[in-house]
Undergrad: 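A single structure is presented below for examination.
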Number of protein chains: 2
Amino acid sequence: MRIGELSERTGTPRRLLRYYEEQGLILPDRCANGYRSYDERLVDRVLQIRGLLDAGLPTRIIKQILPCLDKPRVIHFSDATAEMIATLVNERDRMTQRIECLTRNRDAISEYLDAVLSNNTAR
Amino acid sequence: MRIGELSERTGTPRRLLRYYEEQGLILPDRCANGYRSYDERLVDRVLQIRGLLDAGLPTRIIKQILPCLDKPRVIHFSDATAEMIATLVNERDRMTQRIECLTRNRDAISEYLDAVLSNNTAR
DNA sequence: CTGAACCCTCACATGGATGTGAGGCCGAAG
DNA sequence: CTTCGGCCTCACATCCATGTGAGGGTTCAG
């Protein structure tokens with residue numbers, strides 16, 4: 001598929017699809033005329049990238065963790081240098097912290113909403 | 001306490017403590033000499049702010065959700081306009097999405113790490 | 001009194017994600 | 001052949017969180 005379709009299907013501006021490519025997050029093929037050609041599975045990948053960006057991860061880190069999430073995991077053992085592993089452990093832990101922080105605060109918001117709403121309907 | 005102590009205790013540059021104040025996230029008192037004076041509980045508040053920022057929330061949103069997390073919840077019922085509630089519901093849902101995204105990806109990283117590490121020690 | 005270590009405000013700079021638009025090529029449809 | 005919509009590259013602009021430093025007060029210890 002071309003960039004327009006991917007853009008629509010992922011709700012992502014074309015500009016950003018090119019940007020993610022520039023940052024090495026995705027690597028579309030090129031048609032004879034120079035147009036980018038995206039594989040079907042890049043739909044999910046782009047959504048994943050957007051989710052991670054929205055959760056505060058920079059492209060530099062996303063680029064490092066993405067290859068670890070592909071199915072044939074064995075292929076990527078070569079990347080497993082000591083520093084790479086340290087980075088992954090570190091990022092995993094930071095993600096856990098984020099999850100905890102978000103969960104705490106979301107639950108507090110929920111509680112507040114419950115209180116306010118039940119109060120409103122009770123009035 | 002003054003800004004230097006708060007900075008040390010929260011690991012936050014002074015610059016950012018002033019920035020958070022400018023954005024309306026915290027409201028320190030002022031001593032006679034003009035120095036900022038921070039209440040003890042602002043330590044936790046600052047850590048909370050930093051956590052949320054790190055998790056991708058902008059100061060504008062953080063400013064809106066912070067008041068809902070204080071203990072005497074009843075005090076803030078006045079803030080509960082219809083749009084405010086809509087905002088909170090929306091942000092709560094976005095936080096849930098972030099949590100899911102982070103959890104998915106963190107678990108995948110963990111799996112990958114388990115695979116790589118067990119493979120390494122097995123060799 | 002002086003110096004060191006705080007604090008203040010103000011302002012300009014940077015980096016990362018994103019917006020916007022100019023100038024131009026390509027291909028289908030009238 | 002022209003037109004139009006989609007694609008290309010390039011480049012400058014914007015927003016936000018953060019860095020950095022200048023210029024100047026306060027306090028305290030020596």
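Letters go in sequence order (proteins before strands), and every chain restarts at 1. Both backbone and side-chain heavy atoms feed into the values below; hydrogens, waters and symmetry mates do not.
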Undergrad: Expressed as a whole number of angstroms, how long is the span from Leu17(A):CG to dT18(C):P?
TA: 11 Å
Undergrad: Looking at Arg98(A) and Asp54(B), is any side-chain nitrogen of the basic one under 4.0 Å from a carboxylate oxygen of the acidic one?
TA: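 Yes, this pair counts.
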Undergrad: Nearest-Å distance, CD (Glu22(B)) to C1' (dC10(C))?
TA: 11 Å
Undergrad: Can you measure Ile61(B) atom CD1 to dC16(D) atom C1' for me and round it to whole angstrom units?
TA: 14 Å
Undergrad: Mind running salt bridge (Lys or Arg N to Asp or Glu O under 4.0 Å) on Glu5(A) and Arg9(A) for me, showing each step along the way?
TA: CA-CA 6 Å; Glu5(A) 186 181 344; Arg9(A) 289 176 60 184; 3.2 Å; yes
Undergrad: List in chain and number order the residues that pass salt bridge (Lys or Arg N to Asp or Glu O under 4.0 Å) with Asp39(B), two or more places apart in sequence or in another chain; answer none if no residue qualifies.
TA: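 Only Arg41(B) meet the salt bridge (Lys or Arg N to Asp or Glu O under 4.0 Å) criterion with Asp39(B).
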Undergrad: In this structure, how many angstroms lie between the P atom of dA17(C) and the NZ atom of Lys63(A), rounded?
TA: 12 Å
Undergrad: Please state how far atom CD1 in Ile49(A) lies from atom C1' in dG16(C), giving the value in whole angstrom units.
TA: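 Ile49(A) atom CD1 is separated from dG16(C) atom C1' by 15 Å.
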Undergrad: With heavy atoms under 4.0 Å as the rule, sort Arg18(A) into base, sugar-phosphate or nothing.
TA: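 Counting heavy atoms under 4.0 Å across all strands, the contact made by Arg18(A) includes a base.
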Undergrad: With distance as the sole criterion, is a donor-acceptor pair present between the side chains of Arg2(A) and Ser37(A) under 3.5 Å?
TA: no
Undergrad: In whole Å, what is the span from the OH atom of Tyr38(A) to the C1' atom of dC7(D)?
TA: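 Tyr38(A) atom OH is separated from dC7(D) atom C1' by 10 Å.
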Undergrad: Could you tell me whether Glu21(A) and Arg30(A) make a salt bridge, using a distance below 4.0 angstrom between a side-chain N and a carboxylate O?
TA: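 Result for this pair is yes, salt bridge flagged.
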Undergrad: Assign a letter to each nucleotide of nucleotides 17-29 of chain D from its 5' end: B, base within under 4.0 Å of a protein heavy atom; S, sugar-phosphate only; -, no contact.
TA: BBBB----BBS--
Undergrad: When you measure from the side-chain N and O atoms of Arg36(A) to the phosphate of dC8(D), is any distance below 4.0 Å, counting only OP1 and OP2?
TA: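 Looking at the OP1 and OP2 atoms of dC8(D), one of them is under 4.0 Å from a side-chain N or O of Arg36(A).
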Undergrad: Check salt bridge (Lys or Arg N to Asp or Glu O under 4.0 Å) between Glu22(B) and all other residues, then give those that pass, not counting sequence neighbours.
TA: none
Undergrad: Using whole Å, what does the distance between atom C1' of nucleotide dC7(D) and atom CE of Met1(A) come to?
TA: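 Whole-Å distance recorded here is 16 Å.
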